[in-house]
Peer 1: 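Below: one structure in structure tokens.
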Amino acid sequence: MAGPTCKTKLTTNSKFNKMRKKIVAGNWKMNLNKEASLALVNGISDGLPGLSDMVRVIVAPPFVNIPYIQDASNRNARVEVAAQNMHFAESGAYTGEVAADMLQAIGINTVILGHSERREYFKEDAHLLTKKVEQALEHKMEVIFCFGEKLEDRQGGNHFDIVREQLSDSLFHLNDVDWDNIILAYEPVWAIGTGETASPEQAQEMHAFIRNLIEQHYDDEVADRVSILYGGSVKPANAKEIFSKPDVDGGLIGGASLKTEDFLAIINSI
Ligand code: PGA
């Protein structure tokens, strides 16, 4: 199915205080030890440009480094810290896992869920992700929900269907208010860590499709206020053009978020 153009009114609506924000989030994945990650967060804090209140900067270190990064990010309150994952249960016999309550106890209120690497290597399916989303929302945590099609889906022309399915499986049972705590991250799997980026036009086409879907399932206010990030080989060289698209509200950045200069350059592109 072809992607419809977005009918929503973009950033202006009656709920001015609920206008969607621009977000640049760094997903550090399983990279950087304590020392290296402190150097990175300090570099980001020191180099951060003056930002409008409508822009957020988030970094997501591995669990073990979160407290150090939390402390360091106090140097610049504009750098927020998120977790890369969490478990769906409150507590219990789940060796190696981390619960929502534990994250909140150290001041973490945002979590990335549904990343394609979790789906692929840790076999996280729609059922499991739905439980994780529900657990996070029950704790009033904010979710950066990742989804996106694989190369074969794009080549086969099924990318809109796949994205619709991923969203409806895990999110479309939520109510309007829940959506205040959802950030979407469209990450075509074929563009993650490959150097292959979706063109700004491909990103815009999919983001408009997503916003339109949300409008159909909810209404234009919910659709207008959700931030939709693009992720997949965003670099200083392509960030500005991708971010210039009307339905692209920022990016979830992997590789380029590990280098202070690159991440700052991407923030400067928003
Ligand atoms: P990348 O990763 O920027 O290295 O492609 C993005 C992501 O996986 O979130």
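Values reported hereafter were calculated over all heavy atoms of this structure, with side chains retained and with hydrogens, waters and symmetry mates removed. First listed ligand is number 1; within each ligand, the first listed atom is number 1.
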Peer 1: Suppose we measure from atom 4 (O) of ligand 1 to each protein heavy atom; which comes out shortest, and what is that distance?
Peer 2: G255 N, 2.8 Å
Peer 1: Should the proximity of I192 to ligand 1, defined as any heavy atom under 4.0 Å, be assigned to the side chain, the backbone, both, or neither?
Peer 2: both
Peer 1: Among all protein heavy atoms in this structure, tell me which lies nearest to atom 9 (O) of ligand 1, with the distance rounded to 0.1 Å.
Peer 2: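 Its nearest protein heavy-atom neighbour is E187 OE2, 2.6 Å.
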Peer 1: For K235 and ligand 1, answer yes if some heavy atom of the residue is under 4.0 Å from a ligand atom, otherwise no.
Peer 2: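 Judged by the 4.0 Å heavy-atom criterion, K235 does not count as contacting ligand 1.
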Peer 1: Quick one: which ligand 1 atoms are inside 4.0 Å of a heavy atom on H115?
Peer 2: 7 (C), 8 (O), 9 (O)
Peer 1: Would you say G231 contacts ligand 1, with heavy atoms under 4.0 Å as the rule?
Peer 2: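 Checking ligand 1 against G231, which is what was asked, there is no heavy-atom contact under 4.0 Å.
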Peer 1: Any idea which atoms of ligand 1 are less than 4.0 Å away from a heavy-atom of G193?
Peer 2: 1 (P), 4 (O), 5 (O)
Peer 1: For ligand 1, which is the ligand I care about here, please tell me if I253 has any N or O atom under 3.5 Å from one of the ligand's N or O atoms.
Peer 2: no
Peer 1: Connecting only ILVMFWY residues whose side-chain heavy atoms lie within less than 4.5 Å of each other, what is the rest of I58's hydrophobic cluster?
Peer 2: I23, I112, I144, I183, L229, L252
Peer 1: Taking the basic N atoms (NZ, or NE/NH1/NH2) and the acidic carboxylate oxygens, is any pair closer than 4.0 Å for R119 and E187?
Peer 2: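 Between E187 and R119 there is no salt bridge, as every charged N stays at least 4.0 Å from the carboxylate O atoms.
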Peer 1: Take atom CD in E124; do more than 12 heavy atoms of anything else shown fall under 6.0 Å from it?
Peer 2: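 Buried by this count: over 12 neighbours within 6.0 Å.
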Peer 1: Hey, which atoms in ligand 1 end up nearer than 4.0 Å to a heavy atom of G232?
Peer 2: 5 (O)
Peer 1: Between K150 and D153, is there a salt bridge with N-O shorter than 4.0 Å?
Peer 2: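 Judged by the 4.0 Å cut-off on N to carboxylate O distance, D153 and K150 do not form a salt bridge.
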Peer 1: If the test is side-chain contact (heavy atoms from CB on, under 4.5 Å), which one of V24, L40, L258 qualifies with F263?
Peer 2: V24
Peer 1: Could you tell me, atom by atom, which parts of ligand 1 come under 4.0 Å of a heavy atom of A191?
Peer 2: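 Numbered from 1, ligand 1 contributes 5 (O).
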Peer 1: Can you name the closest pair of heavy atoms from R56 and T110 and give their distance?
Peer 2: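 For R56 versus T110, the nearest heavy atoms are NH2-OG1, 4.1 Å.
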Peer 1: Quick one: which ligand 1 atoms are inside 4.0 Å of a heavy atom on N27?
Peer 2: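 So the atoms of ligand 1 that pass are 9 (O).
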Peer 1: Closest heavy-atom contact between L51 and R78?
Peer 2: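 Where L51 meets R78 most closely, the heavy atoms are O-NH1, 3.1 Å.
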Peer 1: So which protein heavy atom does atom 6 (C) of ligand 1 come closest to, and at what separation?
Peer 2: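 The closest heavy atom on the protein side is G254 N, 3.5 Å.
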Peer 1: Check whether any N or O atom of T194, backbone or side chain, sits under 3.5 Å from an N or O atom of ligand 1, and answer yes or no.
Peer 2: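 N/O-N/O distance under 3.5 Å: no.
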Peer 1: Around atom OH of Y68, are there more than 12 heavy atoms from other residues, nucleotides or ligands closer than 6.0 Å?
Peer 2: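 Not more than 12 within 6.0 Å, no.
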Peer 1: Can you tell which part of A256 has a heavy atom less than 4.0 Å from ligand 1: side chain, backbone, both or neither?
Peer 2: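 Near ligand 1, A256 shows nothing, with every heavy atom at 4.0 Å or more.
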Peer 1: With sequence neighbours excluded, give me every ring-ring contact (aromatic ring centres under 6.0 Å, His included) pair touching residues 180-201.
Peer 2: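 Matches after skipping sequence neighbours: Y186-H207.
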